[in-house]
Amino acid sequence: MSFASKLIIWYQSEGRDLPWRKTRDPYIIWLSEIILQQTRVEQGLPYFYTFREHFPTVLDFAEASEDELLRLWQGLGYYSRARNMHKTAKIVAYELKGEFPVDYDSLLRLPGIGEYTAAAISSFSVGESKAVLDGNVFRVLSRVFGISTAINSTEGKKLFQSLAQDLISTIDPGTYNHAIMDFGATVCKPKAPLCESCVFRGECAAFEEGSVALLPVKIKSKKSRDRYFNYFLVEEDGLVLMARRGGDDVWANMYEFPLLETREDLDLETLMRTDEYRFFFGSTVVEPIGGITKHVLSHQNIYARFFRLPDAKSVLEKKDTWHYFFLENLDKLAKHKLIFSFIDKYFKD
DNA sequence: CAGCCGTGGGC
DNA sequence: TGCCCAAGGCT
């Protein structure tokens, strides 16, 4: 029996029942696929329901404001996904007459849709025969076929892409693509794979060689840099000073408190003597709130401290990105995790 | 094209 | 604790 047939048979009895698999509507499939990029099913599931509820059609999505989209996306990370989705929705709604593309080549031209997502949408919606190549597929193929070429090398990407396309079922490409990803996610897992009950147990090269735990091979990326953020809570009489981040750094366009970034972790006295502090806050006294908070991102470690200015009324909106908001309206702003988790704690009482 | 873009969970 | 990884894409 072929590789594809074994996978499909496994999938028909053991595959998970996920909500986006019940439709062939390319818009709904697109919603799920963007949400699931670099995201576990359990983490993305509630966001999928939220977006499907708020925006039943691509037209509803296109008519939303970017602020509303980012607010709903809050907490999911990789926020450029939401901004690219907005661009794509507007293209589909206003240039393509509301008809979501279903062919691979057309999908590939849309913002936020790369090779993986174009293959997923085209195969799931109309059965186009394009093999998906995601982290699951890399892992399954490298193990079953015993390939130790690094999956994040140029050579590896070409090799696995070609192999994946050779293996796809031309009878039912959509089910095959679902099957190989589900198999990777639930059986051929990164850690503690279920080799004892695996349908490829008798033919898996890695299992035979005892190299399952060593595959796939991945070139290590360079380690994260450290950054030191000092946030200032300027709040008085129900008004809070908020700052909107720029577009060329982490958390682009998200809201936070006024921020002073320093080269290292400064003590309060030194911080208050910096030119920036004196420019923004004069000689206003601050009091620290709690200790240091470490926030880990994919390419940087952020060490954050929070301070409160008791005499907040003397602080002006000194940047055009700084604006006062009523405390009860903060919930409407799209904030990154460091900020909304602080707010949840600090204003809980 | 190597580096960047978030967050959460497992061990 | 620190590291890996998760239905990737953009520049």
Side-chain angles (χ1 to χ4, degrees), chain A residues 15-16 18-21 29-48 70 73-85 87-88 107-121 123-124 131-140 150-158 161 164 174 176-186 188-193 213-227 245-254 294-302 334-341:
Chain A
R16 290 174 294 181
L18 299 170
W20 42 82
R21 294 179 176 169
I29 295 169
W30 167 75
L31 271 186
S32 70
E33 289 302 333
I34 305 295
I35 287 171
L36 290 171
Q37 286 172 3
Q38 294 291 283
T39 304
R40 294 172 194 281
V41 166
E42 312 83 68
Q43 191 188 359
L45 202 49
Y47 289 84
F48 172 75
L70 279 176
W73 200 270
Q74 176 176 297
L76 194 53
Y78 285 149
Y79 297 97
S80 65
R81 286 184 289 175
R83 287 188 293 273
N84 283 331
M85 285 178 96
K87 291 180 193 166
T88 283
L107 287 162
L108 203 50
R109 295 187 206 110
L110 296 169
I113 298 183
E115 292 182 4
Y116 163 77
T117 306
I121 298 175
S123 65
F124 298 155
V132 292
L133 182 56
D134 73 332
N136 293 304
V137 180
F138 275 121
R139 189 170 53 256
V140 172
I151 61 173
N152 54 346
S153 67
T154 304
E155 182 194 354
K157 285 175 193 167
K158 285 173 61 179
Q161 184 72 63
Y176 171 82
N177 277 340
H178 274 138
I180 191 167
M181 290 193 287
D182 223 36
F183 180 77
T186 62
C188 197
K189 302 181 289 180
K191 306 287 182 188
L214 304 177
L215 294 174
V217 172
K218 198 172 184 177
I219 301 165
K220 295 203 193 318
S221 59
K222 74 170 208 179
K223 64 177 179 184
S224 300
R225 65 175 168 138
D226 294 329
R227 299 176 75 176
R245 291 183 64 81
D248 56 351
D249 194 3
V250 69
W251 296 318
N253 303 333
M254 306 284 284
K294 183 179 180 184
H295 188 82
V296 179
L297 290 80
S298 45
H299 285 76
Q300 42 190 304
N301 302 312
I302 291 175
K335 303 166 292 297
H336 55 81
K337 176 178 169 57
L338 196 44
I339 297 301
F340 70 68
S341 56

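We name chains A, B, ... by the order of the sequence lines, and we start the count at 1 in each one.
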How many angstroms lie between atom CG of A:L31 and atom CH2 of A:W20, to the nearest 0.5 angstrom? 11.0 Å
Shortest non-hydrogen contact from A:L70 to A:R83? CD2-NH1, 4.0 Å
Which is true for A:V132 with a 4.0 Å heavy-atom rule: it touches a base, it touches only sugar-phosphate, or it touches nothing? nothing
Calculate the interatomic distance between A:K157 atom NZ and C:dG9 atom P; express it in whole Å. 11 Å
Below the 4.0 Å mark, does B:dC4 have OP1 or OP2 next to a side-chain nitrogen or oxygen of A:W251? no
Between B:dC1 and B:dC5, how many Å separate the two C1' atoms, rounded to a whole number? 16 Å
Any side-chain N or O of A:Y79 under 4.0 Å from OP1/OP2 of B:dT7? yes
Interatomic distance, A:E33 CD vs C:dA7 P [rounded to whole Å]: 11 Å
Is A:L338 touching bases, backbone alone, or none of the nucleic acid, heavy atoms closer than 4.0 Å? nothing
Using the ring of each side chain (for Trp, its six-membered ring), is A:W73 parallel, tilted or perpendicular to A:Y47, with breaks at 30° and 60°? tilted
Tell whether A:Y78 reaches the base of B:dG6 with its side chain through a donor-acceptor pair below 3.5 angstrom. yes
Below the 4.0 Å mark, does C:dG8 have OP1 or OP2 next to a side-chain nitrogen or oxygen of A:Q37? no
A:S224 and side chain to side chain contact (heavy atoms under 4.5 Å, CB included): which single residue from A:L297, A:I302, A:N301 fits? A:N301
Do the side-chain N or O atoms of A:R81 get closer than 4.0 angstrom to the phosphate oxygens (OP1, OP2) of C:dC10? no
Rounded distance in Å - CG (A:L45) to P (B:dG8): 16 Å
Can you identify which nucleotide, out of C:dG8, B:dC4, B:dT7, has its nearest atom closest to the A:H299 side chain? B:dC4
P atoms of B:dC11 and C:dA7, separation to the nearest Å: 16 Å
Given C:dA6, is OP1 or OP2 found less than 4.0 Å from the side-chain N or O atoms of A:K189? no
Separation of C:dA7 C1' from A:F124 CZ (nearest whole Å): 8 Å
Rounded to the nearest Å, what distance is computed from the CG atom of residue A:L110 to the C1' atom of nucleotide C:dG9? 13 Å
Take atom CZ of A:R139 and atom P of C:dC5, then tell me their distance rounded to the nearest Å. 9 Å
If you look at every strand shown and take non-hydrogen atoms under 4.0 Å, does A:W20 touch a base, only sugar-phosphate, or nothing? base
Write down the distance between CH2 (A:W30) and P (C:dG8), rounded to a whole number of angstrom. 17 Å
Start at the 5' end of DNA chain B and walk down; is the nucleotide closest to A:K223 or to A:F340 reached first? A:K223
Across the strands shown, which category fits A:E42 at heavy-atom distances under 4.0 angstrom: base, sugar-phosphate, nothing? nothing
Would you classify A:G75 as touching base, sugar-phosphate or nothing, given that sugar-phosphate means primed atoms plus P, OP1 and OP2, and contacts are heavy atoms under 4.0 Å? sugar-phosphate
At under 4.0 Å, does any side-chain N or O of A:T39 touch on OP1 or OP2 of B:dG8? no
B:dG3 OP1/OP2 closer than 4.0 Å to side-chain N/O of A:Q300: no
Which is true for A:H178 with a 4.0 Å heavy-atom rule: it touches a base, it touches only sugar-phosphate, or it touches nothing? nothing
Students often get this wrong, so: under 4.0 angstrom with heavy atoms, is A:I35 touching a base, only sugar-phosphate, or nothing? nothing
Nucleotides 1-4 of chain C: which of its N/O atoms have a protein N/O under 3.5 Å away?
none

Of A:K87 and A:K218, whose nearest nucleotide on DNA chain C comes first from the 5' end? A:K218
Side-chain donor or acceptor of A:R139 paired with backbone N/O of A:C188 under 3.5 Å: yes
Checking all strands, does A:N301 fall into the base, sugar-phosphate, or nothing category for heavy-atom contacts under 4.0 angstrom? nothing
What nucleic acid atoms does A:A192 come within less than 4.0 Å of, heavy atoms only: base, sugar-phosphate, or nothing? nothing
Verify the neighbour count for atom NZ of A:K189: are there more than 12 heavy atoms of other residues, nucleotides or ligands below 6.0 Å? yes
Ignoring hydrogens and angles, state whether a donor on the side chain of A:N84 or A:R81 is under 3.5 Å from an acceptor on the partner side chain. no
Of all the choices, C:dG8, B:dC5, B:dT7, which nucleotide is nearest to the side chain of A:T117 once you look at every atom? C:dG8
Where the side chain of A:N152 meets the backbone of A:I219, is there a donor-acceptor pair that is under 3.5 Å apart? yes
Just how far, in rounded Å, is C1' of C:dC10 from CD of A:Q38? 13 Å
Reckon A:V137 touches a base, only the sugar-phosphate, or nothing at all at heavy-atom distances under 4.0 Å? nothing
Please work out if A:R225 contacts a base, only the sugar-phosphate, or nothing of the nucleic acid, heavy-atom cut-off 4.0 Å. nothing
Over 60° means perpendicular and under 30° means parallel, so tell me whether A:H336 and A:W251 are parallel, tilted or perpendicular. parallel
Please determine whether side chain to side chain donor-acceptor pair (under 3.5 Å) holds for the pair A:Y116 and A:Q37, giving the CA-CA distance in whole Å, both sets of side-chain angles, and the decisive distance to 0.1 Å. CA-CA 9 Å; A:Y116 163 77; A:Q37 286 172 3; over 6 Å; no
Is a donor on one side and an acceptor on the other found under 3.5 Å between the side chain of A:D182 and the backbone of A:R16? yes
Closest to the A:T154 side chain: B:dC1, B:dT7, C:dA7? B:dC1
Listed nucleotide nearest any side-chain atom of A:K337, set C:dC5, C:dA7, B:dT7: B:dT7
In whole angstrom, give me the gap between the P atoms of B:dG6 and B:dG10. 23 Å
Nearest-angstrom distance, P atom, B:dG3 to C:dC4: 15 Å
By nearest atom, which of the nucleotides C:dA7, B:dC4, B:dT7 is closest to the A:K222 side chain? B:dC4
Quick one: which of C:dA7, C:dC5, C:dG9 gets closest to the side chain of A:N136? C:dA7
